[in-house]
Amino acid sequence: MITVLKLGGTSVGSAEAILRSAKIIASGEGGRVAVVSAMSGVTNHLIQFIETEGAQADEAIGVLVNKHMEAAEELLSGKLLKNFTTEFNDRIKALRNVLNTKDLKEDPYFQDNISSQGERLSSLLLSYTLRSMGHESVALTSEEAGIHATGNPMFGTADLSKTSAALMMSVKPLVLKGVIPIITGFYGRNEEGKPLTFGRGGSDYSGAVVANGLNADCLEIWTDVDGFMSADPRIVPEAIVIDEMNFGEAAELAYLGAKVLHPRTIEPVRMKNIPLKVKNSFRPECKGTLIHHLRAPKNDMLRSVAMKADLSIITVGSSEIAYRPRMVARIIEKIADAGVVVYAISTSLSTVALLINSPDVKETLTHLNLLDQADIERIDVKSNMALICAVGDDLLRRCGVSAEIFSAVREADANVELISEGASDVSLNFVVPTDKAVGVVKVLHNKFVGG
Ligand code: ASP
Ligand code: MG
């Protein structure tokens, strides 16, 4: 049996948190592998260094050295502290080289290289902490473990089969010997062997990639909240922790609202049917949320209601667009060129409506204006929109669900501006004006969750 545990930034954010996380790892059963984020604040600090004109490498490094050494001195002593310091200084030396090598700035993966350095430091400290508790442990970088990645800078995707083959050679034998490997999250190595990050918050995804590669029995994501909630508790104080849900529901919720889990975490474990637990490292006694294939029969119609505000609907009008599929393709192509995320699309005979983040409107319009003006009759923007995502397994297989949901929306006095139903069979998504969104979430939660 192999369990992969992913420890987030706050779970390794201080000496106390590291100790708590080390105890969680140590108290597990069977083979264990941990994947770790940087100490909280460290990735932001590194990114700030990249973005600040004239930032001094020594100053940036000083902050990191203090933060880690302060924790190390609380956690370690004697020979272990000495050995840790030697290895830590090697990593700091490598970091200093990266920060000072101007040429690297010509390298498109320069940002990936710098922003991924924090994980190299936290993984070493966590590994030494486990050793100080009498466990055998090694810290492995993503390069050493063989997490292979492809894709554009700051936006990598793991190559699951190459990674699996590598992990079977690098990590599995250690686990079989009872050693606990601690692997850097957040990035892999690209085809050229250079660090390529998986996007902010990407260590969750790293955890899932490692679980997939090792055919693990379970993935545990240790974070600082009790699990997925049935709604944002700031909006709905009665919101409850969801004890169990399936992969599809979790994917929709992670994608839209809850910052509990990086949305890309689900797929690598879903593929291999590996159960995923979300747990709070600050309150390990809480049950957390279990995400798996099987679903418990539930009476509630909805598992959760999420919302996302600060969105806009862009409507492109063009005569008889429905009969001109190439026109639709061209519109979508322009949106893709703008590099924006589309949360919903809806079409009619002569319009295509797209839901995007409000800060992306300007860039989107710039690209849409490149379309042949003879083809376009008008482009409208409706801002201050919010997407409501009602998530529940079986939702769309049940007759009358939409009628019930939308009559509840009427009670909240909200006009529905756009609907996206049927794209996923676990969620019904629709758009209302932002000032009505909180009311809608409350009504739906009260009526359909926890019944
Ligand atoms: N340390 C990285 C970040 O802050 C990755 C992660 O924590 O998931 O984005
Ligand atoms: Mg996170």
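Residue numbers count from 1 along this sequence. Counting starts at 1 for both ligands and their atoms, in listed order. All values reported here derive from a predicted model rather than from experimental measurement.
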Are Arg283 and Asp226 close enough for a salt bridge, meaning some N to O gap below 4.0 Å? yes
Could you go through ligand 1 and note, for every N or O atom, any protein N or O atom closer than 3.5 angstrom, writing the atom names and distance to 0.1 Å, or 'none'?
residue, atom, partner, partner atom, Å
ligand 1, 1 (N), Thr43, OG1, 2.8
ligand 1, 1 (N), Glu119, OE2, 2.7
ligand 1, 4 (O), Thr43, OG1, 3.4
ligand 1, 4 (O), Arg200, NH2, 2.9
ligand 1, 7 (O), Ser37, OG, 3.0
ligand 1, 8 (O), Gly201, O, 3.3
ligand 1, 8 (O), Gly202, N, 3.3
ligand 1, 8 (O), Ser203, N, 2.9
ligand 1, 8 (O), Ser203, OG, 3.2
ligand 1, 9 (O), Arg200, NE, 2.7
ligand 1, 9 (O), Arg200, NH2, 3.4
ligand 1, 9 (O), Gly201, N, 2.8

Would Asp58 and Arg96 pass as an ion pair if we require N to O under 4.0 Å? yes
Taking C-beta and beyond as the side chain, do Thr434 and Asp310 meet within less than 4.5 Å on heavy atoms? no
Any Lys/Arg nitrogen of Arg120 or Glu144 sitting under 4.0 Å from an Asp/Glu carboxylate oxygen of the other? no
Applying ring pair (Phe, Tyr, Trp, His ring centres under 6.0 Å) to Phe88 and not counting sequence neighbours gives His68, Phe84
Are Met271 and Leu160 close enough that some pair of their side-chain heavy atoms sits under 4.5 Å apart? yes
